[in-house]
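In what follows, a single structure is set out as structure tokens and then discussed.
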2 protein chains.
Amino acid sequence: MVMDGIDPHARKLMEVFSAIERSKWNDSPVKGLAANEAHVLFCIKHKTIFPQEGMKVSEIGRLMKVTTPTITQTINNLYKKGLVLRIPDIHDRRSVRIKLTDKGEEIIKRVSEHICITFNGLSQHLGSEESDKLAELLLKAHNYIINVKKIDI
Amino acid sequence: MVMDGIDPHARKLMEVFSAIERSKWNDSPVKGLAANEAHVLFCIKHKTIFPQEGMKVSEIGRLMKVTTPTITQTINNLYKKGLVLRIPDIHDRRSVRIKLTDKGEEIIKRVSEHICITFNGLSQHLGSEESDKLAELLLKAHNYIINVKKIDI
DNA sequence: GAAATATAATTAGGTATCATAATAATATTT
DNA sequence: AAATATTATTATGATACCTAATTATATTTC
């Protein structure tokens, strides 16, 4: 069997990865708000440098590693729900600035609180040392996998 | 700001999780084979107790934590590609046994080899101790998150 | 300063990977 | 024998992405 060639440590890793794979830890905690909508709100709220300016669609896309048409769609949905506004950019008439409405602010506050609670809880559950260890190893593993792929092509 | 309430260790974890989130480490390594098709082949090949019997659709679904209609669809695609056969179960006429064709065996061999190489490489890259540590922490984190969700509802 | 090129957002249309509900056939339990 | 459960399938839909084409505006180059 081919799979007999796998190292026991590697197999353990593989099994955990495959067990974890399909669990959506990043679901939206707010009913009626899709996961991708929550992500966009989070991005707008927590990754802006100048909050009063709002965020460009292309900026959101770049930060989230998603194409602009995808962001446009999500923004449309958030707009329908009254959570964001589109404000024409004064200095570049091709651009639109996305800002949160008061309702949007209220919703992202709830999302953020949930994320805080979840990760504070997780970090405490693991202990700060192991928590840092997990972050470090995950990143290292991720970078390795990404590069293996690139070489493969 | 709400996010100021997050512990530095928790924040680090959150950032790594969100950086990793959208990378598909489990893509199919074989051109023309979809990721979910590779998963089903892998499941049939490596999780059967009695390989000569083939695997039931419901069994595959249970093992992969996916509904049976979804498996049926994937099996249809694999069938079209000549990678699996449907063999009526002799003892239960409602059931169908899914078996790999020779071509299917050949393909899953290539998939398995790729998985072996990837995880052996990763495990070596991390070192066996850290590799085990990552598996342990990931599982622990996963279980925690799953349970938080359940309590939340 | 006109022409060529680049960038921003959108629209249109499509793909991958799942799900639920309903159905038909067969097994199992009562 | 009747009621219930299970197996697989079909039909349909949802989510979250994508690429290609389009329109409008900016920037660069000659």
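Both backbone and side-chain heavy atoms feed into the values below; hydrogens, waters and symmetry mates do not. Throughout, protein chains are lettered first and strands after them, A, B, ... in sequence-line order, and every chain is numbered starting at 1. What you see is a predicted model, and the numbers here were worked out from it, not measured in a lab.
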(request) Using whole Å, report how far CD1 of A/Ile71 lies from C1' of D/dA16. (result) 11 Å
(request) Look up atom CE in B/Met14 and atom NE2 in B/His9, then write down how far apart they are to the nearest 0.5 Å. (result) 14.5 Å
(request) Check the distance between D/dA14's P and A/Lys24's NZ and give it to me in whole angstrom. (result) 15 Å
(request) Using the rule that two of Ile, Leu, Val, Met, Phe, Trp, Tyr join whenever any of their side-chain heavy atoms come within less than 4.5 Å, decide whether B/Leu85 and B/Ile71 are in one cluster. (result) no
(request) Output yes when B/Glu37 and B/Lys81 qualify as a salt bridge under the 4.0 Å nitrogen-oxygen rule, no when they do not. (result) yes
Could you write out each protein N or O paired with an N or O of nucleotides 19-23 of chain C at a distance under 3.5 Å?
residue: C/dA19; atom: OP2; partner: B/Thr67; partner atom: N; Å: 2.9
residue: C/dA19; atom: OP2; partner: B/Thr67; partner atom: OG1; Å: 2.9
residue: C/dA19; atom: OP2; partner: B/Thr70; partner atom: OG1; Å: 3.2
residue: C/dA19; atom: N7; partner: B/Thr70; partner atom: OG1; Å: 3.4
residue: C/dA19; atom: N6; partner: B/Gln73; partner atom: NE2; Å: 2.9

(request) Measure the CG-CG distance between B/Asp132 and B/Leu137 for me, rounded to the nearest 0.5 Å. (result) 10.5 Å
(request) Figure out the NZ/P separation between A/Lys56 and C/dT7, and round it to whole Å. (result) 11 Å
(request) Enter the distance from A/Leu78:CG to A/Thr101:OG1 here, rounded to the nearest 0.5 Å. (result) 9.5 Å
(request) Name every residue in residues 78-96 of chain A that has at least one heavy atom under 4.0 Å from any atom of DNA chain C, in order of residue number, or write none if there are no such residues. (result) A/Arg86, A/Arg94, A/Ser95, A/Val96
(message) What's B/Ser58 touching, base or sugar-phosphate or nothing? Going by heavy atoms closer than 4.0 Å.
(response) sugar-phosphate
(message) Whole angstroms only, please: what is the CG-P distance between A/Asn76 and D/dA16?
(response) 15 Å
(message) Name the residue from B/Lys99, B/Lys56, B/Arg97, B/Arg94 that meets the salt bridge (Lys or Arg N to Asp or Glu O under 4.0 Å) definition with B/Asp89.
(response) B/Arg97
(request) Establish, with yes or no, whether the OP1 or OP2 oxygen of D/dA16 is under 4.0 angstrom from a side-chain nitrogen or oxygen of A/Asn36. (result) yes
(request) For the pair B/Arg11 and B/Glu15, find out whether any cationic side-chain nitrogen is under 4.0 Å from an anionic carboxylate oxygen. (result) yes
(message) I need the CE-C1' distance between A/Met55 and C/dA8, as an integer number of Å.
(response) 16 Å
(message) Rounded to whole Å, how long is the line connecting atom CZ of A/Arg97 with atom P of C/dT10?
(response) 13 Å
(message) Rounding to an integer number of Å, can you tell me how far B/Arg62 CZ sits from D/dT6 C1'?
(response) 11 Å
(message) Side-chain heavy atoms nearer than 4.5 Å, only ILVMFWY residues, links allowed to pass through others: does that put B/Ile145 and B/Ile20 together?
(response) yes
(request) For A/Asp27 and D/dT15, give me the distance from atom CG to atom C1', rounded to whole Å. (result) 11 Å
(message) With a 4.0 Å cut-off on N to O distance, would you call A/Lys12 and B/Glu136 a salt bridge?
(response) no
